[in-house]
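Just so we're clear, the structure is a prediction, and the values are computed from it rather than from any experiment.
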Amino acid sequence: MAQHCNGLAARRRTVGLTQEALAEHMQVDRSTIARWESGRTAPQPWMRPRLARLLRVDAEGLNDLLTARSPHGTRGQDALDHALLHPDRIDLLAVATLRTRFDDCASRYDRVPSAGLIAEAAAQLNRIDQLASGSSRGRVQRELHALHADACTLMGQLIWDASQRRDHATATTYYEQSAGLARHLRDTTLEAHALLRTCYVALYGAHDAQAGLTLAERAADIAARTSPALSGLALLHVAEAHAMLGSAPACERALADAERRLERVNAGDAAADLVSPTQFGRLAGSCYLSLGDHRRAETLLAGTAEELRDRRKSRAIVLGNLTLARIRQRDVEAGVASLTEAITELETTRGGGGMNIVFGAARELRPWRQEALVAEVHDRLLGLMTAA
């Protein structure tokens, strides 16, 4: 059932905030608040702790506000039911209902195992594909094709993560489909996002830094005119590819360029929700880890891990890299502490990126395997590996 967050609006008024005031505190545009309150979109996970504090509710209370039901939801469901019977008559209300459900599924990616979302995402993708094929020309068809591109990207992301970053071919196929739809729409932001996801497969799956660099540079160039957020994010991965290739000067230049672009991001950026305040520290820390500047990497990654409490898959990756930075400085006790935190996150989310980094970090602890604290963390890793 589609959702309408009139409870969110009521709570905002109760605490004495206008939409404009809440938007200013959240550092978003007023229209973003309006979309949250209408149920058309939902705040990103990293935004929710601040929103909860402003509305003076806890995390559970905020979730209740974000999922409050209303007659609007019934109308959306009715419109979608009608569209499924008559695809050529689909309207914008039905498309908005599909978009809300997609946003809800995507927002859970960083909190739950991807394997548990694949069936839901696949059903959504099939439904969107069916309706997009039968819709008439115009705005409705364009909105459907844009949603179709986003759904393909999410499907590739889920499959790659659930396979613990092993199924490169299937993920890439979905990303290529998304990029093709984006080119058909002449939507450079959508196309750049799909290319950037393909870059992740090259960098972190195939470990082909040169291919990843080429893809990240293309994504940055394509997004440069339309989205500082996406072009900045792509440049962070350009920097990481240069770091993997051992080129510190090129890495530093790309980091500086990325930082300048990210400073220009505003609420009107179509990809604003793809970046968060922790993005730079996370990627810069990874760069310095690859370049062997372990002390600098540790400083950046430790600070980022503290700020990432609500993005659990991302936090596990950061904690895994933090563990590597500490082990390579021979600070075993601190390394085990961050590794233990990473395992705790992975026991809930089973994120593929975090799993790979954590097990790699554990291998680097082998010289100290006779120490009690190392043996204990290895037992937890065994439990993580054997868990269903």
Side-chain angles (χ1 to χ4, degrees), residues 114 152-180 182-183 188 190-224 230-255 257-258 274-275 279-280 282-294 297 301 313-314 316-318 320-321 323-325 328 351-364:
S114 292
C152 286
T153 298
L154 177 63
M155 196 66 191
Q157 183 180 354
L158 290 171
I159 287 174
W160 196 49
D161 188 57
S163 71
Q164 294 187 19
R165 298 187 170 185
R166 294 189 180 94
D167 190 350
H168 309 331
T170 305
T172 300
T173 298
Y174 278 112
Y175 298 151
E176 288 173 349
Q177 187 177 354
S178 179
R183 284 190 289 271
T188 54
L190 277 175
E191 183 184 0
H193 186 205
L195 281 173
L196 190 55
R197 283 285 166 190
T198 310
C199 158
Y200 297 169
V201 174
L203 286 180
Y204 311 128
H207 302 291
D208 186 340
Q210 191 59 58
L213 175 61
T214 300
L215 287 162
E217 287 177 332
R218 279 181 59 200
D221 288 343
I222 289 170
L230 194 52
S231 61
L233 182 58
L235 282 167
L236 287 176
H237 291 282
V238 168
E240 189 165 27
H242 280 305
M244 290 176 176
L245 292 167
S247 177
C251 173
E252 294 276 6
R253 285 194 299 271
L255 284 175
D257 199 0
L274 294 180
V275 297
Q279 211 94 45
F280 186 86
R282 175 184 166 188
L283 270 297
S286 181
C287 287
Y288 290 119
L289 181 65
S290 293
L291 291 170
D293 190 343
H294 302 132
L301 294 167
K313 287 183 182 176
S314 300
I317 291 172
V318 170
N321 281 332
T323 300
L324 288 169
R328 290 169 188 176
M355 295 280 273
N356 290 342
I357 293 172
V358 158
F359 281 101
R363 285 192 291 274
E364 294 198 20

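Note that SG of Cys199 is 6.5 Å distant from NE2 of His237, once rounded to the nearest 0.5 Å. Between Ser247 atom OG and His242 atom NE2 the span is 6.0 Å, to the nearest 0.5 Å. To the nearest 0.5 Å, atoms OH (Tyr200) and CG (Leu215) are separated by 11.5 Å.
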Taking it one step at a time, do Leu289 and Arg328 satisfy side chain to side chain contact (heavy atoms under 4.5 Å, CB included)? CA-CA 9 Å; Leu289 181 65; Arg328 290 169 188 176; 3.6 Å; yes

In sequence, state the C-alpha distance, the side-chain angles, and the governing distance for Asn356 and Tyr204, and then conclude on side chain to side chain contact (heavy atoms under 4.5 Å, CB included). CA-CA 10 Å; Asn356 290 342; Tyr204 311 128; over 6 Å; no

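Checked by atom type and distance alone, the side chain of Tyr175 pairs as donor or acceptor with a backbone atom of Gln157 at under 3.5 Å. At distances below 3.5 Å, not a single donor-acceptor pair connects side-chain atoms of Ser286 with backbone N or O atoms of Arg282.
Residues Leu196 and Ala234 share a closest heavy-atom pair of CD1-CA, 3.8 Å.
Proximity of Ser114 to Lys313: side-chain heavy atoms (C-beta onward) are separated by under 4.5 Å at one or more points. Side-chain contact check for Thr323 versus Val358: every heavy-atom pair is 4.5 Å or farther apart. With contacts defined as side-chain heavy-atom distances shorter than 4.5 Å, the pair Leu255/Leu236 qualifies. No side-chain heavy atom of Tyr174 sits under 4.5 Å from any side-chain heavy atom of Leu154.
A side chain to side chain contact (heavy atoms under 4.5 Å, CB included) with Leu301 is found for exactly one of Leu324, Ile317, Asn321, namely Asn321.
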